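Take a look at the structure set out below.
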Amino acid sequence: MSKSSANARPLAEEETVKAQSRRLRGTIASGLADLVTGALSDTDTKLLKFHGAYQQDDRDLRLERQGQRLEPAYEFMVRVRMPGGVCTPAQWQGLTGLARERGNGTLRITTRQTFQFHGILKADLKPLMAELNALGLDSIAACGDVNRNVICHNHPATSPVFREIRAFAADLSAALLPRTAAYRETWLDEPPAEGAGAEEEPLYGPTYLPRKFKIGIAVPPVNDVDVLAQDLGFVAIIEEGGLVGFNVAVGGGMGASHGDRATYPRLADLIGFCAPGQVLAVAEQVMRIQRDHGDRTNRRHARLKYTLDDRGVAWFKAELEDRLGFALEPVRDIHFESRNDRFGWVEDDEGRLHLTLRALAGRLQDEPECRRLTALAEVARIHDGDFRLTPNQNLTISGVRPGRKSVIEAVLARHGVPIPAEPEEGERRHAIACVSLPTCGLAMAEAERALPGFLERLEGVLRPLGLSGEPISVRVSGCPNGCARPRLAEIGLVGKSLGRYILYLGGGFAGERLNTAYRENLSLEEVIAALTPLLADYAVRREPSERFGDFVIRAGYLTAPDLSGNPSTTQEMPL
Ligand code: SRM
Ligand code: SF4
């Protein structure tokens, strides 16, 4: 679609909401005070996202509530802004306390290296926000049409330049924040200053971006951030142990709608190299181009990936360089080997220890056999390093002094938390699932809740084939929005309706290739049945080191036309 035809159409409703919101204030403050209903107004729920919160309702209870003629069981989700996924032990303890006192007693690690609280009632929302800020954290711009949580690879053993990279993530996040005082007024009772409601938004302007915007920083050889899924990706170039700059990738995105061929996942294009000192300028100008040229009439067509496809990558690069006032250098050689977390204990060059633990689908909670939430809060009381969340929904207890190793192990053991050893059963380690039911309003099928049972059945197939240790990536999303980045998995499941999934195969092991629809409308039993002969064939005919995603293509399993009609599934980036 050309820009002129986009402009001939009316603006999306959200554009008016933003324009009339007095810089994202709306009537959220007075709506919170109205406890007759558990909900906010439609307009305020749209604005609330910019403050990092979503109004939801417990979908497990919908029918029952309808039968009782009650309003839905409204509750809120709050997403923390935590650039690079790093927090202190004190913050960890505070977050755990908030989850218990104000939420549903769980913390949820997201695919963008942060925490979500679920199940917060309206009356608890403001106290939770205030207490979160008292911990030195916030939720500004964690959702909404702005730059979201900036993610980066953060394991010290594989990221020698970790401190620098993490500083870039934090600086980018801070530099790209909206300037409105709406958040501080609404949640922290800051008195309105002169001009409140009409503050300058030098970067965003009064209607912010057409849609969400995401930045990730990868450090080869690990592509855990899925750098090609980001609107703007930076790939660190390290020479002789030092950071010399970044390859710049633009236009990644995973979302699509079933049956709408105009929407599709897309891998980012690598367009050049920039020096460390140019990163902020590049990010700011990429966002400004999207602000000025993104489609504000159709939110399904409003991400940067569509601007790039409509206008061309060459146009985008020329526009960027024009705005920057300098040319990007040619892309440098990069090589990614994996996207997986490195589990278990690892020692860095300075003798500090780092323990990466599995948190299946990112959910930290207390179960009878395994009290993860309690165990980690207890570790936080004795730990003097930091905690790091990974984009694979796991966590690292980082910077442990050697003398503390056994103490931490004892705490974890007491609460039944397993310490993964290498090699361990592959799928269980490298699987991701989005939240989906019961909180996600867009979910079509189970994801997080279906993952453990699905993995168990899959392992039942893999074990006798001798494939248990294979690090095959498995990702499950409850709908085609792709929050678990399932279209980059070797085995990707995307929910179509309750209990039914599209099975995608053939994604690249390091995130370099999208997968292709293989079978549609399958139950999880049928998914296992469809995978069984392919995995058996893989066990026998694979070449040394051949990945499952590559094998299904070489063996000819994906010759049928892609059922999704996705124009970019054949795209493969040179990673
Ligand atoms: Fe997402 C919407 C959860 C990462 C693409 N995502 C949602 C909402 C807020 C549902 C809604 O709009 O009502 C989900 C809340 C569920 C709940 O109950 O908590 C939701 N997304 C998540 C999380 C929690 C999934 C997880 O299990 O970890 C991730 C939170 C990330 C964070 O901390 O910021 C999450 N979402 C992603 C990713 C992965 C990524 O960013 O690397 C994607 C694909 C990449 C992309 O953006 O293209 C993603 N989420 C979407 C989309 C599709 C956007 C599109 O361009 O079409 C939606 C729907 C929308 O925006 O309209 C969505
Ligand atoms: Fe919800 Fe769909 Fe995202 Fe899963 S992929 S959290 S179902 S929007």
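All figures in this text were calculated on a predicted structure; none of them were measured in a lab. Along the sequence shown, the residues carry numbers beginning at 1. Each ligand, and each atom within it, is numbered from 1 in the order the structure gives.
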Salt bridge (Lys or Arg N to Asp or Glu O under 4.0 Å) between Asp231 and Arg211, worked out: CA-CA 11 Å; Asp231 291 276; Arg211 206 65 161 82; over 6 Å; no

Run the numbers on Asp386 and Arg166 for salt bridge (Lys or Arg N to Asp or Glu O under 4.0 Å), then give the verdict. CA-CA 13 Å; Asp386 56 36; Arg166 202 247 157 165; over 6 Å; no

The test is side-chain hydrogen bond (donor to acceptor under 3.5 Å, both in side chains); show your working for Arg112 and Gln230 and say whether it passes. CA-CA 11 Å; Arg112 293 194 71 75; Gln230 311 293 320; 2.9 Å; yes

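No heavy atom of Arg148 sits closer than 4.0 Å to any atom of ligand 1. Distances shorter than 4.0 angstrom occur between a heavy atom of Leu442 and an atom of ligand 1. Using a 4.0 Å cutoff on heavy atoms, Ser257 does not count as a contact of ligand 1. Not a single heavy atom of Lys49 lies less than 4.0 angstrom from ligand 1. The shell of residues lying under 4.0 angstrom from ligand 1, judged by heavy atoms, excludes Gln113. Ligand 1 is approached by His118 to a heavy-atom distance shorter than 4.0 Å. Contact analysis leaves Arg299 out of contact with ligand 1, as no non-hydrogen atom separation drops below 4.0 angstrom.
With hydrogens left out, the protein atom closest to atom 2 (C) of ligand 1 is Lys212 NZ, 4.1 Å, a heavy atom. Counting protein heavy atoms only, atom 56 (O) of ligand 1 is closest to Arg303 NH1, 2.8 Å.
A donor-acceptor pair shorter than 3.5 Å cannot be found between the side chains of Thr263 and Arg300. Side-chain atoms of Thr356 and Asp341 include no donor-acceptor pair closer than 3.5 Å. Under the 3.5 Å distance criterion, with hydrogens and angles disregarded, a donor-acceptor pair is assigned to the side chains of His301 and Asp310. Side-chain contact, Asn394 with Arg358: a donor N or O sits under 3.5 Å from an acceptor N or O. Neither side chain, Thr110 nor Arg79, offers a donor N or O lying under 3.5 Å from an acceptor on the other.
Listed by chain and residue number, Arg65, Gln68 satisfy the side chain to side chain contact (heavy atoms under 4.5 Å, CB included) test with Leu70 (two or more places apart in sequence, or in another chain).
Where the criterion is an N or O separation shorter than 3.5 Å, residue side chain and backbone included, Met77 fails it with respect to ligand 1. Looking at ligand 1, you won't find any N or O of Thr114 less than 3.5 Å from one of its N or O atoms. For ligand 1, one of its N or O atoms has an N or O atom of Lys214 under 3.5 Å away. Residue Thr110 places at least one N or O, backbone or side chain, under 3.5 Å from an N or O of ligand 1. Remark: ligand 1 and Ser436 share no N or O pair separated by less than 3.5 Å (distance only, no angle test). Some N or O of Arg108 is nearer than 3.5 Å to an N or O of ligand 1, by distance alone.
Exactly one residue among Glu448, Gln365, Gln116 makes a side-chain hydrogen bond (donor to acceptor under 3.5 Å, both in side chains) with Arg108. That residue is Glu448.
At distances below 3.5 Å, at least one donor-acceptor pair connects side-chain atoms of Tyr183 with backbone N or O atoms of Ser139. For the pair Lys214 (side chain) and Gly252 (backbone), a donor-acceptor distance under 3.5 Å is absent.
There is a protein heavy atom closer than 4.0 angstrom to atom 25 (C) of ligand 1.
Using cut-offs of 30° and 60° on the angle between ring planes, the pair His430 and Phe343 is tilted.
For atom 42 (O) of ligand 1, the choice among Arg487, Glu448, Arg485 with the nearest heavy atom turns out to be Arg485.
Ionic pairing of Glu14 and Lys18 is not present here: no N-O contact between side-chain nitrogen and carboxylate oxygen is shorter than 4.0 angstrom.
Residue pairs meeting the ring pair (Phe, Tyr, Trp, His ring centres under 6.0 Å) criterion with at least one member in residues 212-234, sequence neighbours excluded: Phe234-Phe246.
Among protein atoms, those of element N, O or S found less than 2.8 Å away from atom 3 (Fe) of ligand 2 are Cys483 SG.
Looking at Ile215 and Leu176, their side chains come closer than 4.5 Å, going by heavy atoms from C-beta outward.
Only protein atoms were considered; those of element N, O or S under 2.8 Å from atom 1 (Fe) of ligand 1 number 1.
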